Structures are given as structure tokens and as C-alpha cells.
**Student:** 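One structure follows; several queries about it will come next.
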Amino acid sequence: MNKVTTYIRESYKELLEKVSWPTWTQLQQSTVIVLVATLVITAIVWLLDIVAQSGLKFIYSVIN
């Protein structure tokens, strides 16, 4: 049990003293970047889905 307590204490100390946390502005900028990237990737996947759907409809119409 002593090892677990030591681990928790050292982890807590490391989080307070050794980790460099982002500022509020940096956090907001990172959030905006992630949201924009998510929207762009979502739009690309949506377009690829539309193209694949249209291609499959065309193939099925030629077969039938």
C-alpha cells in the first residue's frame, strides 16, 4: 500500500510542479483549431460518401 501512496503523491507533485499547463488563450486557440479541423474532415468524408453513393447508384443502374 505504501508504493501506491508514494506513486499518487509523486504524480500529484509532478502535475503541479513539472507540467506546463496552457494559458486560457492557448486553450481557446487549440479548441478552435480542433473544431475547424473536425468540420473540414467531416465535410471531406461527407463529400466522399456522396461520390461513392452516386457511383454505386450509377453502377446499379447499368447492371439492371
Side-chain angles (χ1 to χ4, degrees):
M1 189 68 180
N2 191 20
K3 288 183 179 183
V4 173
T5 306
T6 303
Y7 173 76
I8 291 173
R9 246 189 235 125
E10 289 176 358
S11 296
Y12 181 75
K13 184 178 177 181
E14 184 175 344
L15 284 172
L16 289 179
E17 297 174 3
K18 295 183 181 179
V19 174
S20 60
W21 296 99
T23 64
W24 181 247
T25 304
Q26 291 172 333
L27 190 62
Q28 287 176 327
Q29 289 172 349
S30 296
T31 301
V32 169
I33 290 169
V34 168
L35 287 174
V36 168
T38 301
L39 291 174
V40 168
I41 292 169
T42 301
I44 291 170
V45 169
W46 178 72
L47 287 171
L48 290 173
D49 186 48
I50 297 284
V51 169
Q53 183 180 16
S54 299
L56 287 174
K57 280 184 181 180
F58 174 74
I59 291 171
Y60 291 146
S61 69
V62 170
I63 293 174
N64 288 331

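When reading the values below, keep in mind they use all heavy atoms of this one structure, side chains included, and skip hydrogens, waters and symmetry mates. All values reported here derive from a predicted model rather than from experimental measurement.
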**Student:** Mind checking who shares a hydrophobic cluster with Leu27, ILVMFWY linked at side-chain heavy-atom distances under 4.5 Å?
**Tutor:** Trp24
**Student:** Listed by chain and number, what are the side chain to side chain contact (heavy atoms under 4.5 Å, CB included) partners of Ser20, not counting sequence neighbours?
**Tutor:** none
**Student:** Using distance only, find each side-chain donor-acceptor pair of residues 39-61 under 3.5 Å and give its atom names and separation, not counting sequence neighbours.
**Tutor:**
residue	atom	partner	partner atom	Å
Thr42	OG1	Thr38	O	2.6
Ser54	OG	Ile50	O	3.0
Ser61	OG	Lys57	O	3.4
Ser61	OG	Phe58	O	2.7

**Student:** Report, one line per pair, each donor and acceptor closer than 3.5 Å where one atom sits in a side chain of residues 4-19; sequence neighbours left out.
**Tutor:**
residue	atom	partner	partner atom	Å
Thr5	OG1	Met1	O	3.1
Thr6	OG1	Asn2	O	2.9
Ser11	OG	Tyr7	O	2.8

